[in-house]
Amino acid sequence: MVEELIQEGEYQQALSMLNDMNDENTRYLRLVCWVGLGEYQHAKQEGLYAKANAKETYYDVVSMYVTTLKELGDYDEAIDILIEELSMPYIPYQYEMLFNTAYDQVLLEKQEAHWEVESKNQIFSIEEIEQILKNKECNDDLLYMALDQLQQLNIRLIIPTIRDYLSHPKRHYFAKSLLMEIMIEQQVDEYFEVEKFGKVYDFNPSYMPLVLQQDQYNGIIKYLENGLEDENPTLFQQCVEYLEYYLYSVYPQEIYEDEYHIMAATIHYYVATLQSISIDFEDLEIIYYCDKSEIEENILALKQIECD
């Protein structure tokens, strides 16, 4: 009967029937009713007791209590609760997914709420950024906001999390490169394993250049300049932009000097194709002094990135 009233939105009537304060399910349903009525201060008081005494309803209570805190703007308290729950060695899968999603939402709302009154560098704590990196699935906007802020913090505080992120085959390749660049800028002198596209690389930030400070960047651009800049400046610029994207994608993979001309030809062909520009392989072979088979082999590597 009470559940039916709640489903119909008759929260006040349902509350009048929920009187057994020693029953944890009653406490949970009262919490649901207060949230449904938009009475979030009442919901917070109800939720405090319900959370402290819940057993079978524990995860449902936590979920509803976090919603209450979010609505009240108590973002830090909500974040602390979610971090604590997500750090537990066991949590039912459906709630893990729910809490991960809620964590992203709370951080985004916190960011929006404080954007006008706080500097960009004060929005997320190092612990919040660490939790973002630990999440199996994360909102991309949130991830890159966190990485942007991490440049201003001491990345050494979360090295174990960074290490796991870089070696995990399911973490985003572009974000991995940004993390590596932050460690380079902060002169971290430790060895890491970096997994990208099925390959594992040894990486020590103290010995590595930033992505676009590699010799291969300027080396490939020179070939593109010779082949494109005068003939089609717009396509040349698009090729440079794609080259930057590609290098960030595969970093720290090395491209050797004797491969620069092949990579330039590949990017020329690939970007032109994306723009529906007809390109003759024979022309590319002449311009870049390479074989069609070499270009086609590299094109497969580019497509792997697009599909990942």
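Quantities reported herein were computed from a predicted structural model and do not represent experimental measurements.
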Neighbour count above 12 (heavy atom, 6.0 Å) for [X] [atom1]:
X	atom1	value
Glu297	CD	no
Gln94	CD	yes
Asp215	CG	no

*For Glu77, check salt bridge (Lys or Arg N to Asp or Glu O under 4.0 Å) against everything at least two apart and list the hits.*
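Scan of Glu77 (salt bridge (Lys or Arg N to Asp or Glu O under 4.0 Å), adjacent residues dropped) gives Lys44.
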*Do you see a donor-acceptor pair shorter than 3.5 Å between the side chains of Ser167 and Glu193?*
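There is no such pair (donor and acceptor under 3.5 Å, judged by atom type) between the side chains of Ser167 and Glu193.
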*How about Ser293 and Asp291: does a side-chain donor come under 3.5 Å of a side-chain acceptor?*
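There is no such pair between these side chains.
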_What's the separation between atom CE in Met183 and atom CZ in Phe203, rounded to the nearest 0.5 Å?_
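One finds 5.5 Å between CE of Met183 and CZ of Phe203.
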*Mind checking who shares a hydrophobic cluster with Tyr207, ILVMFWY linked at side-chain heavy-atom distances under 4.5 Å?*
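So far as hydrophobic clustering goes, Tyr207 is joined with Tyr191.
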*Please check if the distance between the ring centroids of Tyr269 and Phe281 is under 6.0 Å.*
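Yes; Phe281 has its ring centre under 6.0 Å from that of Tyr269.
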*Are Tyr288 and Tyr223 close enough that their ring centers fall under 6.0 Å?*
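No: the rings miss the under 6.0 Å criterion.
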_Note, Glu96 side chain near Tyr59 side chain (heavy atom, < 4.5 Å)_ =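 A side-chain contact under 4.5 Å is absent here.
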*Do Tyr165 and His172 come within less than 4.5 Å of each other through their side chains, counting heavy atoms only?*
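Side chain of Tyr165 against side chain of His172, heavy atoms only: contact under 4.5 Å found.
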*Carboxylate-amine/guanidinium proximity below 4.0 Å for Lys176 and Glu195*: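 Yes, this pair counts.
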*Could you please spell out the steps behind the ring pair (Phe, Tyr, Trp, His ring centres under 6.0 Å) verdict for Tyr242 and Tyr245?*
CA-CA 5 Å; Tyr242 187 85; Tyr245 165 76; 5.7 Å; yes
